[in-house]
K.L.:
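Below is a structure I'd like to ask you about.
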Amino acid sequence: MNQKNKKVYIKTWGCQMNEYDSLMITNILQENQKYTITNSENDANILILNTCSIREKAHEKLFHQLGRWKKLKKNNPNIIIAVGGCVANQEGKKILIRSQHVDIIFGTQTLHRLPSMINKKIQHQKPMIDITFPKLEKFKNVLIPKKNIYSASISIMEGCNKYCSFCIVPYTRGKEISRPLRNILDEIYKLVDHGAKEIILLGQNVNAYYSIDKNGKKCTFSELLQIIASIKNIKRIRFLTSNPMNFNEDIIQIYYNTSKLVSFLHLPIQSGSNKILKLMKRSYSVEKYKEIIKKLIIARPNIQISSDFIIGFPGETNYDFQKTMDIISDLNFDMSYSFIYSPRPGTPASKLKDNINITEKKIRLNILQNQINKQTQQWTQKMLNTFQNVLIERCIDKKKNKFLGKTENNRTVILTSHQNILGKIVKVYVNQIQKNFLTGKYDK
Ligand code: SAH
Ligand code: F3S
């Protein structure tokens with residue numbers, strides 16, 4: 001295969017961390033070996049699948065996809081198929097046993113080794129596996145895409161030590177480990193050079209961030225937020241996901257004095273029942289969660305909270321579910337994610353007896369999602385005829401001068417402007433609410 005002509009197709013499943021990892025893969029391949037990225041799998045010489053195992057039948061989904069790619073490989077035996085992400089970390093070699101047409105298995109911490117794995121595969125004509133956990137090695141030479149990005153994600157920590165009883169993340173992403181401050185700042189400065197105005201800090205548990213530099217200087221999450229806020233060109237900061245267990249007083253204080261931090265927080269509660277929280281091994285109570293939110297509202301009266309909920313966890317009675325519904329209306333959650341509990345192999349909860357039938361789980365999920373949707377619409381409705389700060393991320397129609405941007409509370413706004421406002425934060429008057437976006441007016 002001609003080294004310069006490899007076309008790579010990347011398919012990504014899962015969370016923002018996986019999206020970030022796939023972007024890293026794209027940058028590494030494009031920079032180091034002059035690969036080109038293609039949007040068509042039929043056109044590709046290398047097919048990469050970045051997998052997710054948080055819920056549902058991750059394995060079936062993976063092998064189904066690999067089955068489809070097998071047909072492509074039949075027509076062109078030189079195609080290289082690589083599987084990475086959380087399922088790869090969990091299953092490793094087993095994937096090769098079931099799908100012999102797979103060439104490379106790489107993990108969440110070894111994706112930067114892909115170029116050399118591809119080379120070795122071509123040289124030796126045998127499958128390559130590397131799902132080890134070399135600490136933070138993948139962040140050593142982070143590359144930035146060539147095009148401008150106005151809202152940029154950056155991983156600040158990896159892994160999780162919390163071992164919630166239902167969750168597979170600690171097994172697939174490894175132990176919590178924070179990137180050195182210097183390394184994060186270097187990446188942010190490069191992103192700023194490429195137009196970044198908004199930084200989204202990523203990690204499974206960002207508020208557990210903690211680093212110590214060579215001189216013994218420590219940095220906590222709240223300190224990191226302040227340091228980033230002091231960068232002149234950064235105008236907005238978001239983070240996800242944070243956790244009620246490490247949401248300490250110093251983070252709440254930041255909301256008083258760091259206006260660049262958006263008034264929107266995603267803080268997963270999972271359940272409104274203390275009994276279920278205990279079974280989930282979430283080491284906070286509903287009261288503790290409420291207290292955090294109460295303090296945040298004092299610091300930022302206009303803050304909006306979104307959350308994650310798991311429905312039908314083993315032992316969840318109608319009463320427990322009602323407790324979840326109570327907290328949803330009590331705290332008036334904005335757009336949130338909700339999932340039916342899915343037993344993950346190897347987790348402690350998977351050994352608990354699943355005593356709720358699927359019909360009941362679906363009914364509960366439906367009730368919960370209707371309530372969340374209603375509240376989300378109410379939050380959106382409040383934005384009509386108000387001015388909102390919108391970060392303009394894209395021009396969606398050059399001829400008609402149409403731009404797309406995001407408000408602080410994550411609503412998409414579409415507007416017309418005769419000036420080039422790309423990458424700017426502009427004050428927009430919201431004049432209409434459509435199903436999936438708002439329209440606004442901006443004159444200057
Ligand atoms: N670190 C975050 C969660 C990351 S996982 C936290 O502390 O909450 C993202 C979300 O997936 C979780 O918040 C949870 O709602 C959902 N999830 C994780 N494991 C799950 C499982 N086994 N079944 C259903 N939903 C699950
Ligand atoms: Fe999972 Fe709990 Fe960590 S949900 S990512 S084990 S905080």
Side-chain angles (χ1 to χ4, degrees), residues 13-21 51-59 61 85-87 89-90 108 155-178 200-209 221 238-248 251 265-273 276-284 286 288-289 292-293 305-316 321 324 327-328 333 335-352 354 356 358 361-362 364-365 368-369 372:
W13 291 331
C15 63
Q16 272 96 346
M17 295 293 281
N18 267 18
E19 295 285 348
Y20 179 84
D21 282 350
T51 61
C52 168
S53 59
I54 196 85
R55 283 174 296 273
E56 286 150 25
K57 304 178 168 90
H59 300 77
K61 199 171 161 191
C86 290
V87 184
N89 268 104
Q90 215 193 349
T108 52
S155 166
I156 60 164
M157 55 91 66
E158 289 263 325
C160 187
N161 289 351
K162 300 286 180 285
Y163 291 94
C164 300
S165 66
F166 55 83
C167 185
I168 198 138
V169 169
Y171 310 93
T172 58
R173 289 231 169 220
K175 287 221 174 277
E176 259 164 29
I177 181 156
S178 297
I200 308 173
L201 305 175
L202 296 182
Q204 298 300 338
N205 197 2
V206 286
N207 46 334
Y209 179 85
F221 182 58
R238 302 180 188 275
F239 55 82
L240 54 131
T241 307
S242 59
N243 202 301
M245 316 183 222
N246 299 101
F247 217 95
N248 302 333
I251 303 173
L265 171 69
H266 182 70
L267 194 65
I269 184 168
Q270 313 299 357
S271 170
S273 151
I276 297 297
L277 288 178
K278 224 176 193 163
L279 286 171
M280 287 177 166
K281 294 227 153 39
R282 304 280 289 184
S283 55
Y284 55 86
V286 177
K288 170 85 180 105
Y289 185 94
I292 297 172
I293 304 299
I305 311 291
S306 80
S307 204
D308 287 350
F309 300 92
I310 295 180
I311 302 307
F313 189 81
E316 183 191 75
F321 174 64
T324 302
I327 190 105
I328 288 175
F333 284 112
M335 42 178 144
S336 298
Y337 300 93
S338 46
F339 318 94
I340 286 180
Y341 166 68
S342 155
R344 308 316 294 133
T347 59
S350 66
K351 294 181 188 81
L352 298 174
D354 189 355
I356 313 155
I358 185 69
K361 286 178 190 167
K362 283 186 181 162
R364 288 181 193 172
L365 184 72
L368 184 144
Q369 290 184 336
I372 293 280

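Whatever order the structure lists them in is the order used to number ligands and atoms, beginning at 1. Values below: all heavy atoms of this structure, side chains included; hydrogens, waters and symmetry mates excluded. Start at 1 with the first residue, then count along the sequence. As the structure is a computational prediction, the values presented were derived from the model and not from experiment.
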K.L.:
For ligand 1, which part of Phe339 has a heavy atom less than 4.0 Å away: the side chain, the backbone, both, or neither?
P.N.:
side chain

K.L.:
Less than 2.8 Å away from atom 2 (Fe) of ligand 2, how many protein N/O/S atoms can be counted, ignoring water?
P.N.:
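There are 1 of them.
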
K.L.:
Using a strict 4.0 Å cut-off to heavy atoms of Thr241, name the atoms of ligand 1 that fall inside it.
P.N.:
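By the 4.0 Å cutoff, the relevant atoms are 2 (C).
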
K.L.:
Find the distance between SG (Cys52) and CD (Glu19) and round it off to the nearest 0.5 Å.
P.N.:
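Atom-to-atom, Cys52:SG and Glu19:CD are 10.5 Å apart.
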
K.L.:
With sequence neighbours left out, what residues match His59 under ring-ring contact (aromatic ring centres under 6.0 Å, His included)?
P.N.:
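For His59, no residue satisfies ring-ring contact (aromatic ring centres under 6.0 Å, His included) once neighbours in sequence are set aside.
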
K.L.:
How many angstroms lie between atom CZ of Arg173 and atom SG of Cys86, to the nearest 0.5 angstrom?
P.N.:
4.5 Å

K.L.:
Verify, without hydrogens or angle tests, whether Asn161 (side chain) and Glu176 (backbone) share a donor-acceptor contact under 3.5 angstrom.
P.N.:
yes

K.L.:
Is ligand 1 less than 4.0 angstrom away from at least one heavy atom of Ile168?
P.N.:
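Not so, Ile168 does not reach ligand 1.
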
K.L.:
Under 4.0 Å from a heavy atom of Arg55: give me the atoms of ligand 1 that qualify, with their elements.
P.N.:
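Those atoms are 11 (O), 16 (C), 17 (N), 23 (N), 24 (C), 25 (N), 26 (C).
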
K.L.:
Once ring-ring contact (aromatic ring centres under 6.0 Å, His included) is applied, do any residues pair with Phe309, and if so which ones, sequence neighbours excluded?
P.N.:
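By the ring-ring contact (aromatic ring centres under 6.0 Å, His included) rule, Phe309 matches Phe333.
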
K.L.:
Looking only at protein heavy atoms, which one is nearest to atom 22 (N) of ligand 1, and what is the separation?
P.N.:
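Answer, as residue, atom name and distance: Ser342 O, 2.7 Å.
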
K.L.:
Take atom NZ in Lys281; do more than 12 heavy atoms of anything else shown fall under 6.0 Å from it?
P.N.:
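For Lys281, atom NZ is not crowded (no more than 12 foreign heavy atoms under 6.0 Å).
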
K.L.:
Crowded around Tyr337 OH? As in, over 12 foreign heavy atoms under 6.0 Å?
P.N.:
no

K.L.:
With the threshold set at under 4.0 angstrom, would you say Asn205 reaches ligand 1 through any of its heavy atoms?
P.N.:
no

K.L.:
Who's the nearest protein heavy-atom neighbour of atom 5 (S) of ligand 1, and how far?
P.N.:
Ile54 CD1, 3.6 Å

K.L.:
Considering only non-hydrogen protein atoms, determine which one is nearest to atom 10 (C) of ligand 1 and report residue, atom name and distance to 0.1 Å.
P.N.:
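Result for atom 10 (C) of ligand 1: Asp308 OD2, 3.4 Å.
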
K.L.:
Can you label the angle between the Tyr171 ring and the Tyr163 ring as parallel, tilted or perpendicular, going by 30° and 60°?
P.N.:
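Perpendicular.
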
K.L.:
Go through the structure and list residues passing ring-ring contact (aromatic ring centres under 6.0 Å, His included) with Tyr341, not counting sequence neighbours.
P.N.:
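In terms of ring-ring contact (aromatic ring centres under 6.0 Å, His included), with neighbours along the sequence ignored, Tyr341 is linked to Phe313.
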
K.L.:
Run the ring-centre check on Tyr284 versus Phe247 and record whether the distance is less than 6.0 Å.
P.N.:
no

K.L.:
Would you mind running through ligand 1 and noting each atom that sits below 4.0 Å from a heavy atom of Asn243?
P.N.:
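The atoms of ligand 1 under 4.0 Å from a heavy atom of Asn243 are 6 (C), 7 (O).
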
K.L.:
In the protein, what heavy atom is nearest to atom 19 (N) of ligand 1, and what distance, to one decimal place, separates them?
P.N.:
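Ranked first by proximity to atom 19 (N) of ligand 1 is Phe166 CD1, 3.3 Å.
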
K.L.:
If you apply the rule side-chain contact (heavy atoms from CB on, under 4.5 Å), what do you find for Phe321 with Leu368, and how did you get there?
P.N.:
CA-CA 9 Å; Phe321 174 64; Leu368 184 144; 4.2 Å; yes

K.L.:
Report the part of Arg282 (side chain from C-beta onward, or backbone N, CA, C, O) that has a heavy atom under 4.0 Å from ligand 1; answer both or neither where that applies.
P.N.:
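The answer is the side chain.
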
K.L.:
At less than 4.0 angstrom from any non-hydrogen atom of Gln270, what atoms of ligand 1 do you find?
P.N.:
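In order of numbering, the contacting atoms are 8 (O), 12 (C), 13 (O), 14 (C), 15 (O).
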
K.L.:
Below 4.0 angstrom from a heavy atom of Gln204, which ligand 1 atoms are there? Numbered from 1 as shown, please.
P.N.:
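Contacts of ligand 1 toward Gln204, numbered from 1: 1 (N), 2 (C), 4 (C).
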
K.L.:
Nearest 0.5 angstrom please: Glu316 CD to Thr324 OG1, how far?
P.N.:
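Going from the CD atom of Glu316 to the OG1 atom of Thr324 covers 5.5 Å.
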
K.L.:
Quick check: closest heavy atoms across Val87 and Ala58, and the distance to 0.1 Å?
P.N.:
CG2-CB, 3.9 Å

K.L.:
Using a strict cut-off of 4.0 Å, indicate which atoms of ligand 1 neighbour a heavy atom of Ile340.
P.N.:
24 (C)

K.L.:
Quick one: which ligand 1 atoms are inside 4.0 Å of a heavy atom on Arg344?
P.N.:
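Listed by number with element, the hits are 22 (N).
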
